Amino acid sequence: MWRNDVKDFMNKVKPNILYKDTEISFRIKESTDTLEVKLNRPDLIYGITYILVPHSMEYLSKKIAIHPLTNEEIPIIIEDITEPKSCIPAHIEEDYLYAKEKNLPIKQVIMPVNASLDENKPREDKEWKYRSNIVLIVKHWEENKYLYIDYKHQNWKCFISGGVDEGETSSVAAIRELKEESGYTSIKNIEELPFKMANVFYAAHKGVNRYSIVTSFYIELADNTKNMISAEEQDEHEVKWATKEELYEILKNGFTDQIWLLKQHSNEISAYTGQGKYINSGILNDLENQEEALNKICKYLEKI
């Protein structure tokens, strides 16, 4: 399916735009004070989830800043630094590591878009269908192994995946797909991973081009309790288990996007630093050109 390697998938096209620092003014909750913070990636402004300030600003300890565009509450943290820093953990490496250590929010604002270039390349003569999908990283109840599906009629070996039906949440769809495709029913833990991605391809079995927004979940099974899966599912695939290292080899022949998810879950990679589609970003939503996003947000900030 996906013919790019993992490194390319993680980084896509490296940013080649030189940014000028933009000064952002944050109101302080329940105060008349404001906090001025420099931001050297204004196109990522919607991804700010915490602010670090130096000890000289101790008066801000335990106070909350208000995001100037979203009105979200942003925690202010005193650290051993020289000037205030707005932090965007989803897309800046050091911010991500700090957020994970301190259990701070991570808000994705750029989503990688992974387009198939092989026989599953989108076809000009086919209609487009947009869909929300889920991918499941399922952990064995005892062994350090993960579940994957080995398809009998296609050369596909991959994690459980599927569509989110109308009226379903992504988490409900994840549990349903787990039961339908593997039969396992006893879940110890389910956790939504912080990064979404888009997959663009021709779905030959449906005869349409797909643009799917993927939400991924980590599921840890409590035990081996399972039901019999349907005859149709049994005819279509086998359920197998493999270690993380084995899966890196299994998935690289077509599903490098899923390797990215597994590495992300395993903390082998962190922030997404490449380009893609802007999401959760107000006026920037759906843009894919970084320079266009930068120009648009800078002009907008000049007016407020």
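Everything quoted here is computed from the prediction, not taken from an experiment. In what follows, residues are counted from 1 in the order of the sequence shown.
- Looking only at side-chain heavy atoms (C-beta outward), Ile134 and Ser161 stay at 4.5 Å or farther from each other.
- The backbone N or O of Glu220 sits nowhere less than 3.5 Å from a side-chain atom of His140 that would complete a donor-acceptor pair.
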Task: Trace of the salt bridge (charged side-chain N to carboxylate O under 4.0 Å, His left out) decision for Glu288 with Lys277 - done: CA-CA 4 Å; Glu288 295 191 25; Lys277 175 174 286 192; 3.8 Å; yes
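- Here the shortest heavy-atom pairing between Val53 and Leu60 reads CG1-CD1, 4.4 Å.
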Open item on the list: Evaluate Asp43 against Tyr278 for side chain to side chain donor-acceptor pair (under 3.5 Å), listing each step before the verdict.
Closed with: CA-CA 9 Å; Asp43 62 313; Tyr278 288 82; 2.6 Å; yes
TODO: Show your working on side-chain contact (heavy atoms from CB on, under 4.5 Å) between Ile219 and Asn189 and close with a plain yes or no.
DONE: CA-CA 6 Å; Ile219 295 177; Asn189 179 47; over 6 Å; no
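- Following chains of ILVMFWY side-chain contacts shorter than 4.5 Å, one can reach Met111 starting from Trp128, so the two form part of one hydrophobic cluster.
- Just one of Lys244, Lys240, Glu246 meets the side-chain contact (heavy atoms from CB on, under 4.5 Å) condition when paired with Tyr146; it is Lys244.
- Listed for the Gln154 side chain is no donor-acceptor partner under 3.5 Å among the backbone atoms of Trp156.
- The minimum heavy-atom distance between Tyr202 and Lys121, with the atom names listed, is CB-O, 3.3 Å.
- Atom CG of residue Leu261 and atom OH of residue Tyr218 lie 14.5 Å apart, to the nearest 0.5 angstrom.
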Open item on the list: side-chain contact (heavy atoms from CB on, under 4.5 Å) for Asn227 and Thr225? Distances and angles first, verdict last.
Closed with: CA-CA 7 Å; Asn227 297 326; Thr225 303; 5.8 Å; no
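- Using modelled atom types, no side-chain atom of Ser266 and backbone atom of Glu268 make a donor-acceptor pair closer than 3.5 Å.
- At a threshold of 4.5 Å between non-hydrogen side-chain atoms, the residues Ser86 and Tyr50 do not count as touching.
- In this structure, CD in Glu79 is found 11.0 Å from NZ in Lys85, a value given to the nearest 0.5 Å.
- Ser281 contributes no side-chain N or O that, together with a main-chain N or O of Leu284, makes up a donor-acceptor pair within less than 3.5 Å.
- Using a 4.5 Å heavy-atom threshold, the side chains of Leu69 and Ile297 count as touching.
- Annotation for Thr22 and Pro42: closest pair OG1-CG, 3.7 Å, computed over non-hydrogen atoms.
- For CG of Asn267, the number of neighbouring non-hydrogen atoms (other residues, nucleotides, ligands) closer than 6.0 Å is greater than 12.
- For the residue pair Tyr184 and Asp223, the shortest heavy atom distance occurs at CD2-O, 4.4 Å.
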TODO: Let me see the working for Lys196 and Glu192 under salt bridge (charged side-chain N to carboxylate O under 4.0 Å, His left out), right down to the final yes or no.
DONE: CA-CA 10 Å; Lys196 295 182 186 293; Glu192 182 176 335; 3.8 Å; yes
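- Glu30 CD: 12 or fewer foreign heavy atoms inside a 6.0 Å radius.
- If you chain together hydrophobic residues whose side chains sit under 4.5 Å apart, Trp241 and Leu136 fall into the same group.
- By the 4.5 Å heavy-atom criterion applied to side chains, Lys263 and Ile259 are counted as neighbours.
- Proximity of a side-chain donor or acceptor of Lys152 to a complementary backbone N or O of Gln234 within less than 3.5 Å is detected.
- Not one N or O on the side chain of Ser212 forms a donor-acceptor pair closer than 3.5 Å with the backbone of Val214.
- Judged purely by atom type and a 3.5 angstrom limit, Asn295 uses its side chain to pair as donor or acceptor with the backbone of Glu291.
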TODO: Report the C-alpha distance between Ile28 and Ile66 in whole Å, list the side-chain angles of each, state the deciding distance to 0.1 Å, and finish with yes or no for side-chain contact (heavy atoms from CB on, under 4.5 Å).
DONE: CA-CA 6 Å; Ile28 305 302; Ile66 304 300; over 6 Å; no
Open item on the list: Would Thr185 and Ile175 count as a side-chain contact (heavy atoms from CB on, under 4.5 Å) here? Give the steps.
Closed with: CA-CA 8 Å; Thr185 60; Ile175 294 170; over 6 Å; no
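- Side chains of Tyr46 and Asn280 form no contact here, defined as non-hydrogen atoms less than 4.5 Å apart.
- With contacts defined as side-chain heavy-atom distances shorter than 4.5 Å, the pair Ile74/Ile48 qualifies.
- For the pair Glu73 and Lys29, the minimum side-chain heavy-atom distance is below 4.5 Å.
- No more than 12 heavy atoms of other residues, nucleotides or ligands lie within 6.0 Å of CD in Glu232, so this atom counts as exposed by the packing criterion.
- Between Phe159 and Tyr148, the gap from one ring centroid to the other reaches at least 6.0 Å.
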TODO: Test Arg27 against Asp33 for salt bridge (charged side-chain N to carboxylate O under 4.0 Å, His left out), laying out the working first.
DONE: CA-CA 6 Å; Arg27 291 187 296 110; Asp33 292 337; over 6 Å; no
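- By the criterion of side-chain heavy atoms lying less than 4.5 angstrom apart, applied directly or through intervening Ile, Leu, Val, Met, Phe, Trp or Tyr residues, Ile81 is not grouped with Val37; the two fall into different hydrophobic clusters.
- Of the possible polar contacts, one joining the His237 side chain to the Glu181 backbone as a donor-acceptor pair under 3.5 Å is found.
- Using modelled atom types and a 3.5 Å distance limit, the side chains of Thr49 and Lys107 yield no donor-acceptor pair.
- One N or O on the side chain of Asn209 and one on the backbone of Lys126 form a donor-acceptor pair closer than 3.5 Å.
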TODO: List the steps and the verdict of salt bridge (charged side-chain N to carboxylate O under 4.0 Å, His left out) for Asp165 and Arg176.
DONE: CA-CA 10 Å; Asp165 292 338; Arg176 173 180 54 76; 3.5 Å; yes
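- Here the closest non-hydrogen pair linking Gln108 and Ala90 is CA-CB, 3.7 Å.
- Taking 4.5 Å as the limit, every side-chain heavy atom of Leu52 sits out of range of all side-chain heavy atoms of Asp95.
- When every heavy atom of Pro75 is checked against every heavy atom of Ile64, the shortest pair comes out as CA-CD1, 3.9 Å.
- Judged by a 6.0 Å distance limit and a 45° cone about the ring axis, Arg210 is not positioned over the six-membered ring of Phe201.
- We find the OG-CD1 distance between Ser182 and Ile229 to be 7.5 Å, quoted to the nearest 0.5 Å.
- A donor-acceptor pair under 3.5 Å is formed between the side chain of His91 and the backbone N or O of Tyr272.
- A side-chain donor-acceptor contact under 3.5 Å links Asp257 and Asn199.
- Annotation: cation-pi pair Lys102/Tyr98 present, NZ/CZ under 6.0 Å from the ring centroid and within 45° of its normal.
- Note that CD of Glu302 is 8.5 Å distant from NZ of Lys299, once rounded to the nearest 0.5 Å.
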